[in-house]
Amino acid sequence: MARRRHLYYHRLRRLFPKALALSAFLLVFSLLSFLAPHPLDSDHPHPPPRPRPGPPIVRRYDVHVEPSVPTFHVPKGGGKLGRDIWTSRNSGLYFGCSNASSSFPRAESVTHSNRYLLIATSGGLNQQRTGITDAVVAARILNATLVVPKLDQKSFWRDSSEFSEIFDVDWFISYLKKDVTIIRQLPKRVGKSYSMRSMRVPRKCTERCYNNRVLPVLLKRHAVQLTKFDYRLANRLSTDLQKLRCRVNYHALKFTDPIRAMGKKLVDRMRKRTNHFVALHLRFEPDMLAFSGCYYGGGEKEMRDLGAIRKRWKTLHIHDPEKARRQGRCPLTPEEIGLMLRALGYGSDVHIYVASGDIYGGEETLAPLKSLFPNFYTKETIATKEELESFSSFSSRMAALDFIVCDESDVFVTNNNGNMAKILAGRRRYFGHKPTIRPNAKKLYRLFPSRNNMTWEAFASRVRSYQRHFMGEPMDVRPGRGEFHENPSTCICEDSDAKAKKGMLTRKLGKGKNVSRKEEESIADDPNGGDELEMPDPDDDGDEDDSMEDGKFNETLVEYDISENEEPELEDILSD
């Protein structure tokens with residue numbers, strides 16, 4: 001037993017130094033741990049959590065921002081773009097040509113003495129202009145005598161003007177006498193009036209459509225009145241009929257002397273102020289915005305104001321504002337138009353003539369545009385109240401004055417794709433391809449809201465890229481695409497000699513770049529396809545007459561006098 005205790009004693013003596021050393025190590029380690037800095041205070045700290053983003057910063061052109069943030073500062077000048085902003089590059093290679101061919105018979109040889117066509121137009125001045133143009137062609141298709149068209153006096157515009165108070169009726173009749181026989185009023189037959197039939201043809205009615213639907217009634221009644229006549233003729237017709245359209249629109253329809261004289265005064269006064277000027281057709285009236293269904297961020301007040309106006313139209317469909325804007329169907333605001341023009345090279349010294357009605361929001365809405373272009377004019381600012389007195393009570397006559405100034409401008413700009421924009425675009429193509437700028441709203445709609453997150457240079461570069469093929473150049477719209485009134489390609493001929501001198505092939509574009517098939521397909525989509533700015537059509541009333549097949553005319557149509565008994569349908573507030 002004594003020997004065993006002795007062995008334990010010696011073992012413990014050998015382990016004691018090791019235990020002591022371990023205890024000392026643990027004591028030192030604990031001391032070092034206590035004195036060491038906290039991990040978050042070390043040279044390599046953990047990144048702190050990111051703060052939640054606050055509300056977006058609204059940047060104004062004159063607000064100072066940190067150098068690290070892109071600065072959107074609109075320059076006063078237009079910059080050096082390496083091109084002439086007042087002319088179209090290839091305009092000299094094309095010219096208007098609308099003379100009848102030798103195979104197009106004269107009116108006296110084809111017109112039947114017992115056929116009379118009467119037309120009741122629809123809409124504002126320019127929508128009625130399309131109806132008058134197409135009415136002449138419809139009379140030629142039917143080999144009928146045309147009675148001077150009746151202007152719409154019941155639409156939204158409420159203008160009581162007669163044809164002869166807007167257009168030179170004597171010139172109209174005499175200029176077209178080789179093409180169509182035109183008389184001022186329907187004659188009496190053996191002491192009594194004709195038993196006239198009123199009817200309506202569908203939109204885009206073809207030659208076959210007129211012969212199948214209207215001609216049988218015309219042969220029976222001898223006098224037919226086509227009502228609500230706007231865009232009731234097909235886009236594509238035979239070459240001779242297309243050229244007749246051009247002769248009517250660009251030569252036979254001439255404003256009366258008082259309108260032309262006042263329009264010339266306005267143009268001369270703009271010319272005295274500057275060598276070149278821009279004319280802007282600005283559609284931003286409350287009625288137009290209400291009908292378009294677009295929304296511009298005006299909050300509850302805007303929704304309330306425009307919603308009240310929409311109640312005028314019982315059949316108006318409610319549109320998705322964001323979808324409409326995404327599809328390029330909302331007109332640009334005055335500020336957006338101003339920014340687009342500045343990006344395209346038009347500096348603050350440029351003079352702008354603005355054709356518009358009452359702008360929604362008034363001066364507050366116009367302020368950004370006037371800030372960008374201080375040389376801002378309207379017919380009311382360059383003419384006296386006395387000079388405009390004989391026109392101011394008639395919307396069509398006032399619209400005619402704007403039409404003349406816009407037509408004579410060096411550059412025509414529009415924020416919409418309405419009838420005036422289309423008619424002037426076609427007219428300016430026909431008479432020399434004068435620059436006509438229409439916004440590529442489908443692509444621009446995303447750019448404007450994000451402009452404060454980029455530099456001006458980046459913004460301007462994108463605008464110029466998006467606006468390619470939307471500047472009124474000869475090849476912007478392919479022949480046969482779009483409304484004929486906007487793109488009268490049949491009536492535009494190439495000057496082969498001028499083209500040969502310039503060393504260009506038939507299919508060239510811009511600065512002489514050959515156009516591939518793929519590029520050709522991408523040039524300016526059909527205006528009805530979404531790339532152009534086109535408002536919903538308030539006249540698409542879905543009448544049963546429009547849906548009938550050719551040759552199946554509805555014999556139950558009633559006879560009535562449109563001037564007294566026809567109920568006015570949806571007003572076309574987007575027409576001009």
Side-chain angles (χ1 to χ4, degrees), residues 58-63 72 74 76 124 156 277-310 312 319 321-322 324-325 328-344 346 348 350-382 395 398-399 402 405-406 412-418 420-421 437-439 441 444-452 459 463 533 535-536 573-576:
V58 178
R59 307 193 190 284
R60 301 186 181 276
Y61 307 143
D62 55 351
V63 175
F72 188 81
V74 183
K76 289 188 176 181
F156 171 82
F277 73 92
V278 172
L280 168 61
H281 183 224
L282 186 62
R283 292 300 313 276
F284 211 72
E285 300 91 343
D287 295 302
M288 186 276 295
L289 294 183
F291 197 92
S292 70
C294 298
Y295 174 67
Y296 291 92
E300 291 294 330
K301 183 180 184 303
E302 180 181 330
M303 293 182 180
R304 185 172 59 252
D305 292 346
L306 302 185
I309 298 174
R310 289 190 187 101
R312 296 179 188 173
H319 301 283
E322 179 59 28
R325 194 163 177 83
R329 296 181 181 274
C330 293
L332 269 61
T333 67
E335 181 182 23
E336 291 170 343
I337 281 288
L339 291 172
M340 180 193 74
L341 286 175
R342 184 59 54 81
L344 293 174
Y346 298 91
S348 61
V350 168
H351 289 60
I352 290 187
Y353 177 92
V354 177
S356 71
D358 294 329
I359 299 298
Y360 178 70
E363 286 299 314
E364 184 179 353
T365 302
L366 286 174
L369 176 61
K370 289 185 175 181
S371 175
L372 289 166
F373 295 96
N375 299 307
F376 182 102
Y377 306 96
T378 65
K379 56 183 174 295
E380 289 81 8
T381 63
I382 59 176
S395 60
M398 293 288 274
D402 280 337
V405 181
C406 290
F412 173 63
V413 187
T414 177
N415 74 327
N416 65 93
N417 198 40
M420 182 169 171
I437 302 174
R438 53 195 177 96
L444 291 175
Y445 99 96
R446 289 184 178 178
L447 183 60
F448 287 115
S450 63
R451 64 182 181 270
N452 290 319
F459 172 83
V463 170
L533 191 65
M535 298 300 114
I573 62 168
L574 302 178
S575 65
D576 296 325

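Reckoned from all heavy atoms, side chains included, excluding hydrogens, waters and symmetry mates.
- Contact of the Y296 side chain with the P321 side chain is not registered, since no non-hydrogen atoms from C-beta on lie closer than 4.5 Å.
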Next on the checklist: Show, in sequence, the C-alpha distance, side-chain angles and deciding distance for T365 and T333, and conclude whether the side-chain contact (heavy atoms from CB on, under 4.5 Å) test is met.
Outcome noted: CA-CA 8 Å; T365 302; T333 67; 5.8 Å; no
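- Side-chain contact between I309 and F291 is absent, with no heavy-atom pair separated by less than 4.5 Å.
- At a cut-off of 3.5 Å, with distance as the only test, a side-chain donor of D305 or Y360 sits close to an acceptor on the other residue.
- Contact annotation: the side chain of R451 approaches that of L339 to within less than 4.5 Å [non-hydrogen atoms, C-beta and beyond].
- Geometric assessment of R329 against the ring of Y445 yields a negative cation-pi assignment under the 6.0 Å and 45° thresholds.
- Counting all heavy atoms, side chain and backbone alike, N375 lies closest to S348 at ND2-O, 3.8 Å.
- Taking each heavy atom of V350 and F373 in turn, the nearest pair found is O-CD2, 4.0 Å.
- Annotation: the span from T414 atom OG1 to I437 atom CD1 amounts to 11.0 Å, rounded to 0.5 Å.
- Counting only N and O atoms by type, the side chains of T378 and E380 include a donor and acceptor under 3.5 Å apart.
- R312 places a side-chain heavy atom less than 4.5 Å from the side chain of D287.
- No donor-acceptor pair under 3.5 Å is formed between the side chain of E285 and the backbone N or O of I359.
- With values rounded to the nearest 0.5 angstrom, Y377 atom OH is found 9.0 Å from I382 atom CD1.
- Between the SG atom of C294 and the CD atom of E322 there is a distance of 10.5 Å, given to the nearest 0.5 Å.
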Next on the checklist: side-chain contact (heavy atoms from CB on, under 4.5 Å), that's the test. Do L369 and F376 meet it? Break it down for me.
Outcome noted: CA-CA 9 Å; L369 176 61; F376 182 102; 3.7 Å; yes
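- When atom types are taken as modelled, the side chain of R342 and the backbone of L372 share a donor-acceptor pair closer than 3.5 angstrom.
- Closest of all the heavy-atom pairs between L306 and P286 is CD2-O, 3.7 Å.
- Contact annotation: the side chain of P439 never approaches that of E336 to less than 4.5 Å [non-hydrogen atoms, C-beta and beyond].
- In this structure, the side chains of L341 and L280 stay at 4.5 Å or more apart for every pair of heavy atoms.
- Not a single salt bridge (charged side-chain N to carboxylate O under 4.0 Å, His left out) links E302 to another residue, sequence neighbours left out.
- Residues C406 and M420 come closest through the heavy atom pair SG-CE, 3.8 Å.
- Applying the salt bridge (Lys or Arg N to Asp or Glu O under 4.0 Å) definition to pairs two or more places apart or across chains, those involving residues 353-372 are E363-K370.
- N416 places none of its side-chain heavy atoms less than 4.5 Å from the side chain of F284.
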Item to check | Verdict with reasoning, L332 to F448, per side-chain contact (heavy atoms from CB on, under 4.5 Å) | outcome: CA-CA 10 Å; L332 269 61; F448 287 115; 3.8 Å; yes
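- The shortest heavy-atom contact between A279 and V405 is CB-O, 4.4 Å.
- Counting non-hydrogen atoms of neighbouring residues, nucleotides and ligands closer than 6.0 angstrom, the CZ atom of R446 reaches no more than 12 such neighbours.
- H281 places none of its side-chain heavy atoms less than 4.5 Å from the side chain of S356.
- From D402, atom CG reaches atom CG of L282 across 11.0 Å, with rounding to the nearest 0.5 Å.
- The nearest pair of heavy atoms linking R283 to N415 is N-OD1, 2.9 Å.
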